[in-house]
Each structure stands twice: as C-alpha cells, then as structure tokens.
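The figures that follow rest on heavy atoms only: side chains count, while hydrogens, waters and symmetry mates do not. All chains are named by letter (A, B, ...) in the order of the sequence lines, taking the proteins before the strands, and each is independently numbered beginning at 1.
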Amino acid sequence: MTDSVPENTPVAPEGFVEPAAYDPRAVERKWRERWADRASNRADIDGASRPYYALMMFPYPSAEGLHVGNLFAFTGNDIFARFQRLQGLDVFQPMGFDAFGIHSENYALKVGVHPMELIPANIANFTRQLQRAGLMIDWSRTVDTTHPSYYKWTQWVFLQLLKRGLAFKKKAAVNWCPNDKTVLANEQVENGRCERCGALVEQRLLEQWFFRITDYAERLLNNLDGLDWSKTTTTAQRAWIGKSEGAQIRFRVLNPLEDAGSAAVHVTSEVATGSREIRVFTTRPDTIFGATYVVLAPEHPLLDAITSFEQRDEVSAYRTQASKQDLIARKTNKEKTGVFTGSYAVNPATGELIPVWTADYVLMEYGTGAIMAVPGHDERDFEFATKFALPIERVVIGGGDTARTPLQAAFVDDGDGRLCNSEQFNGLLVGEAKLQITEWLARKHAAESVVNYRLHDWCISRQRYWGPPIPVIYCDACGTVPVPEKDLPVLLPNIQDFKPDDSGVSPLARHEEWSRVPCPACGAAARRETDVSDTFLDSGWYFLRYPSVGRDDVPFDSTITQKWLPVSSYIGGNEHAVLHLLYSRFLTMVLHDAGHVGFDEPFTKFRAHGMIIREGAKMSKSKGNVVNPDEYFESWGADTFRTYLMFLGPFEEGGDFRDGGISGVKSFLNRLWISVRDSTTSGEPDREVLRKLHQTIRKVGEDIPKLSYNTAIAAMMECLNTVRRGERQAHRAEVLPLVQLVSPFAPHIAEELWEMLGHQTSIFEAGWPPYDVSLASQETVTIAVQVGGKTRGTVSVPPGAVESDVMAAAMADPAIAKFMVGTPKKIIFVPKRLLNVVL
RNA sequence: GCGAGAGUGGCGGAACUGGCAGACGCGCAGGACUUAGGAUCCUGUGGGGCAACCCGUCCGGGUUCGACUCCCGGCUUUCGCACCA
C-alpha cells in the first residue's frame, strides 16, 4: 500500500520530545469507541422536539463488502446529517440491509452456503465497515429485510393491497429470465435483457401476482410537480409513466366469409357495431383520412377470429414465429415483417375498406395492441407500407408542400402542419384537427378521447426461494384466501434444495410439508402460494419501519410516524429512479388511502448523487480497478478517505477517483492538526486571518446545504493556507471555528482537536459557528478596470466606492492611465465589480 | 430516433444573476529547514513572446461596453427511454 511506512521513523535523537503527530488510526479508534459508549449517534425518537430524518438508500449486503459507491453516497448523506445536527436539529440517520433477492441467492448457490448463514455474516462485515467510516448512524434501529420481524410487515403490506383490490392474479405474458429462472418486472428488463444477469428475456404466459400501479399513474405523475427532487429523477419518472393523450378509434371489420363478396362495395360511414371491431389507440386522430391499413399485434386476441380461411396458415405461422422471438430480437430488429389477414376494416372517416394485417412492430402491451397505419405520417408505417406496397397518402402539408407533393418519407411534424385530402377538415392546423376529428368521430360513435400510459402493472411474484412468501392460501372451496394478519409472518422455511428450476414455480413448491395447510376460512385441506415477492416490495416501505423498530405489534407506530415522516431528505442513486423510488411512492399512496399514514409522498426532498469512476473508467471486478474501502481506511484513515471522496467533484455529478489526489487531503488534515496543536492563546488573532475565517464560515455554511462539498473543502483549504502562511503560529481563535467547519467531513479528527482545545463535550454538541457579518464582508474590493472591454488592470477601493472614486484610482495607475486616451464615449460602472471605459 | 445533462490547463475540477477565466487539489520545476524527508514552509506553473503585449473556456455565427455564462446552427460525449402508435 501507498502510505505504509510508520509515521515516526526513524527514532528522534535522544532527549528530543517529538510533539504528538497526527495518527489517524489511533484517533479514529478512540472516537469510534467513545461514540459507541456515549451512544452519541442515537436519536431520541420519542422526545425529539425538532425531528430531522436524514435517509440514505440502504445497501444490499454483498459478500464483497462495502463498495466505494455506497461509501460516497453515505458520506454525502452523513455530512448533510451532521450539519443539520449542528444546526440544532434532532437528526435520525438510520441504516439497514436490503438482503433478500436473487443477488444473494445466486451468490449462496455459487459458494454453496445457505443464505440464512451468509446474510448475517455479510451484514456483520458491512456494519464493521460502516462503523469504520465514522457515519453518524443510529445503530439501535436497524432493519434487515430478511428477518421475520421485518418481512412479517412486508407481508402485511401485501395484504393491505389485496384488501383494496390492488393486488390481483392474472395470467399474462411476462418477462421470464431463463438464467435466473424467474419472472421480472418491466422495470427490471433493460434492452430485452435481465438487468441482473444480462440474459435475454423470454416471454412466458404465466399466472402472476400484480400490483395495480397503473391506477395511480395520473397521481404519480401529477405529484411530481410538488416534490423537491433532482430534476434528472423526476424526468426519468415522467418518461417511465409515459402519459400520452389521443383517441381510441373503432374500425369495423368485415367478416371475411359472410362479406366476401362485398369487398368491392364502397361502404358509407355507417356506425360500426357488433363484436368484429378493432379498437386502435392513436395520438394522431387528425391523420385518420390517411389511414390506409390496420395492424394487429401477433398476440392480439381478435386475430384468429378475423383471419380469412385462405390466410389462416400463413397467419398462424407468423404468429408462432413471433412468439418464439426473444424480446431483444423483436425490439432491436427493426426490419419490418408481417402478413395480411385476408380481412378488411372500414375506415370510419372515409368509409373505405382497408386491409387488416398483423405485424410484430405493433406491441400487444401498449395501447390496444392494434394501430391504424398512416404511412404518410408515421415512419414505421411508411417503411412497412413501402415494403408491402400498401397505399401511402398525404393528409398533412407543411413547409411549402401542396396536397399533391409526393411523400419521399413520412412527414411526422405536428407543429404547424395543416390538413389536406381530409374533406371538410382541410386547412385546419394539426392541433385543432385532432380535437375536431375526434369530436366528429365521437358523434358517429367511432371514437373517444383517451389517455394512455406506458406504465404497466407491477409484477411482484418471483419463482425463487430467497424472499418473503406471498401470504395467500388457495382452497378448493373458498378460492384465494389471504393469510389472516394474526397468522403473520408466513415464515420462509429453511430448506436446503432452494435451487430454482425451469418449471415456472418456486422451489418452495417442492416442499409439501410447508405448502399444505388448512384453509383459514373453512379448515379444509388447502395449499400455500409458493411464490415469494419481489425485493422491491421489501425496499418499498422500509423508511416507514426505521423509527418504529422495536415495535412488534405494528409495522409502524402512528404517533412516531406522524412525527418523523415524510422523510426530511433522501439521498441515493439514480439507478432507482423508476424502480425503488416509483414503487415507494406508489405504496405510500396506497397506505395513505387506506388510512395508515397521513401523507401520500414519502420523500419530500430527494437528491441523486453522481457515480464514482476510477481513472476514467467504471469500476468493475473484471477490470480489477475496484477500490476496497478497508485498504484506504487502513492506510489513510477514514477522515481522509471521506473528505477525499467529497473533494473529487460535485456530489451530484460524481467524480474520478485517482489515488494521486488523496495526498492533498491528507496533508490538509495533517496541517490542520499541526496548526491546532501549536496554536497559542497569547496575543491577538490577526485581523486579516479572521476576515478569511469568517468568510469561510459563511461559504461552508452556504455550500453544505447545496451539497457543494467540493467547493466547501476548497474554501477550508484556502482558509488554512491563510492561517499558516509562512509557518506562522496560529492563534487559537483562528483555528477553533475551522475545526468546527471540518467536523461534518472529518468527524474523528475534529473531535480530537476539539478536545485538544480544551473541550469536555462532543464538538457535535457545540453547534455551528456563527460568522461576524462585518468581518465576513470585505474591507476593500478589487475592481477590474477595462478600457474598451479589455481588462487593463485592477484597483483596490472600499466597497462603497462610487464611479468617480474608482475612476480617480484608475487614472492614478500609469499602467491603466496610458490606455485612457481621448474622451470616453461611455462609462460602465458596476459597484464592487468593474469599471469599463469605452473610448 | 426522442428526452435530460456535459464539453474549461498535463490531470480532477472552480467561476454569484452576463463583469479580473483557471479558485482548491494533484502533477511538474526550483528553493528553505534538515543526518534524512515521504513532515513543514517559500516561489513558479494555460499558450506565445519571456518585456510592453498578443492569443486562449468543443467548432461556426449572433446579441452586448463586456459572453465559459444568453440566442441560432453544428460536432463530441454521458445518462435515461426506445418499433410506445
């Protein structure tokens, strides 16, 4: 390791007493122990008068131990939390472990150790590392999602949703990961691959438990406006919810057998009735006159019924082929394919017969699974129509085109385009036409305005072992029966053969001794649900549990919850923008509506931190560039490591970890140590140093709430440089507040120096140092003097100096005066900033 | 393709609301103290001239007395979504 030579070698000459050198290991050990003895990180949950709940996203306790990314986030939160405490607030900063889930289970399978043994060991290791980092965590209230005392209430949350009809079981095409052998939520599929293991995700038709998050789509979207969140996060949530407004339009299908002879007949715009009707969703109802064909997704339930006898084989072959495709092939291969069904539908606007096709570029999961194709004004339809020689018609003009200008490509602009070839709607702006045409079709009962969301219901069943069993019992007589709340938790049995298989059911299903139970309603023989729930259900409510840890009779105490929640500030990674953060909001809304909590948003303030990379590249095990915190704690100390992480770059943007840079921070703390150790109480503090000090107190106090930690640290370094200029001895009053400023960043050394300065109690009891406004404001200001916009020099004047004062000062400086030739045409004066003389 | 960011010395990064570009740190060069220095301190460090000055914040235009900052066009890059109708 880099800094491995002991601090005090070689031995000093005899008789010479070396003053105490900064030894981070000793200092940090001492304060770790003292904090633990004094229980100084514990929040007074019941008695607090100014509660402040500073939350960080709890980690998954991996076997590898704490990742620097975790530490970066936690340190950033800790600084913020300690700062709030120094402001006099009762800060509660808890920590927990998100230990259920595929990750742990896969690791357990790999190393051949049961997760019930593995997880406690990992948690112990994490706890040790987190304590080594000096985080102000209240270790008396931790959460472990795999402990029955926690997942009992996770199951309770499930039952609340079930009670309200928000949890339901349905057979649906779901994402199946063939490697992890379980279904995945939509949010866990990235580019058609499992976000966990990267395997190509397949579609399977399985019966699964879902949460009706789509019922809350509008609220999840609207509430975003009132949240103080990182913009990147709200933007991602808006995109994920994906609201689009448009129309649902009905196309009557002619029966391919009964109406075979009438295909040539021009059908006038009669009301389309009967069951043979295709509903499409479109955001462009204005282009209805250009709809020249209709497309159904290959999975569309109507497809069989409308396919003509002649086309039956071809359609069913296409359908089979489409179902075999994995998601990634279907979504990335943009080459259009499809087949004609042999049927025709009536365009409700024109009354013309248009062919019905099936093609896999239409997705069953979005909208109605069917579209009206307008090749003239949609790129995908254009491509398809070109390939299959279907008619392309222009119904919108813009940019100098006329109604007859041929379309070389789809014209999709809906800004200032106007309609053409659309009968009475010709000439209307697209926006106006959308409204009028929808209304016109609605009068003919062929359309209605609808809002569509991209958001899907949340699939929460997992065919795995390592999770909370879904608390439901199936009885032949009573059907699906919820496990009574008094019978919770449904304990996860300790089984040895927990390896998942390809059967589509959980390994728990192999254990009848567990799954066979009497029906809670009628007592007849029944069986348990054998799926477990998604990890994101565990983490979807953990913030409610922390303050109430210890209460076994309720998931969260209502008085405590009312006092401490919603969470005051939340810091975490943006990788959870559409997972954890969306699910937590949803569950909170449900619990609010059920009367369990008095708020419907869990996190009023959220900040996404940036990512730490190393020497320009992402850290990964395969690259071998992973930073092991233990090594850095050991060779540099936690204070230096923490401060360095915060100094790397802006907290919300992350930074580049370079080993070289850490020495600067170590040197800063070391010099602070020396300055305090050697400080004196005799004489008067230097006025210029005091000015700098008070400016720094102001600056750091402004930067920390903005999470601008890197600039706060820079300001403290600058201040210390002023204090120590030329190896001068510092006056105690010059360094004491500086120690206080450093304390949120480097708490151990700050406590030690505070004690060296004669204090008996913790520095965190002392509050934040106030600054003297007159000292913090500048005595003189430097004003830039420009001639014709070019800076020619600077002058030093009192802050109150007016234009004439500055002008006089400028003329007194020959280096500036020599540029002032002739009469000024114009003089711009900005007080405290600059003087610009235009000649 | 759509959406949201970002582009500043050898490097990480500063710069309020349009007002001295490069704070702070690393690295580098030189020096002091010292048995020693990997401690501490001092000096220098965007480029060109080595002086007066000139040129410099991705590129090209524009607004302005004045632009890293605002506007228009383009390039590069990170992240999110992506056949979403």
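- Between A/K692 and A/E734 there is no salt bridge, since no side-chain nitrogen of the basic residue lies less than 4.0 Å from a carboxylate oxygen of the acidic one.
- Using a 4.0 Å heavy-atom distance criterion, A/N721 is classed as a sugar-phosphate-only contact.
- We find that CD1 of A/I674 is positioned 19 Å from P of B/rC33, with the value rounded to whole Å.
- Relative to the ring axis of A/F384, A/K336 does not place its NZ or CZ within 45° and under 6.0 Å from the centre.
- Contacts of A/I828 with the nucleic acid, taken as non-hydrogen atoms under 4.0 Å apart, include base atoms.
- As a whole-Å value, the separation of A/N836 CG from B/rC20 P is 12 Å.
- Across all strands shown, B/rC81 forms a Watson-Crick or G-U wobble pair, both distances under 3.5 Å, with B/rG1.
- Within the shown strands, nothing qualifies as a pairing partner of B/rA23 under the Watson-Crick or G-U definition with both distances less than 3.5 Å.
- If you check every strand for non-hydrogen atoms under 4.0 Å, A/Q786 touches a base.
- Looking at heavy-atom distances under 4.0 Å, A/R671 makes contact with sugar-phosphate atoms alone, never a base.
- In this structure, A/H576 and A/H580 have perpendicular ring planes: the angle between them is above 60°, well past the 30° mark.
- Between A/W458 and A/Y583, the ring planes lie parallel to each other; the angle is under 30°, not in the 30° to 60° tilted range.
- Between the P atoms of B/rG56 and B/rG22, the separation comes to 16 Å (whole Å).
- The CZ-P distance, from A/F641 to B/rG25, rounds to 21 Å in whole Å.
- As judged by a 4.0 angstrom heavy-atom cut-off over every strand, A/T782 is placed among the base-contacting residues.
- Checking B/rA32 for Watson-Crick or G-U wobble geometry (two distances, each under 3.5 Å) identifies B/rU40 as its partner.
- Residue A/R792 is classed as a sugar-phosphate contact, given heavy-atom separations below 4.0 Å to backbone atoms only.
- When the side-chain nitrogen and oxygen atoms of A/K231 are compared with OP1 and OP2 of B/rG5, one or more of them lie within a distance under 4.0 Å.
- Remark: B/rC68 base-pairs with no nucleotide in the shown strands. Criterion, Watson-Crick or G-U wobble with two distances under 3.5 Å.
- Distances shorter than 4.0 Å separate some side-chain N or O of A/S667 from OP1 or OP2 on B/rU40.
- Shown here, B/rU17 forms no base pair; nothing in the strands shown gives a Watson-Crick or G-U wobble contact with both key distances under 3.5 Å.
- Pair check for B/rG49 finds none; no Watson-Crick or G-U wobble contact set falls under 3.5 Å.
- As judged by a 4.0 angstrom heavy-atom cut-off over every strand, A/N574 is placed among residues making no nucleic acid contact.
- A/R454 comes within 4.0 angstrom of a base, heavy atoms only.
- At the heavy-atom level, A/T282 lies under 4.0 Å from the strands shown only through sugar-phosphate atoms.
- Below 30°, between 30° and 60°, or above 60°: for A/F641 and A/Y632 the angle between ring planes is below 30°, a parallel geometry.
- Residue contacts shown for A/G660 are limited to sugar-phosphate atoms, with no base heavy atom under 4.0 Å away.
- To the nearest angstrom, C1' of B/rC65 lies 11 Å from CG of A/L835.
- Within the nucleic acid shown, A/F382 has no heavy atom closer than 4.0 Å to any nucleic acid atom.
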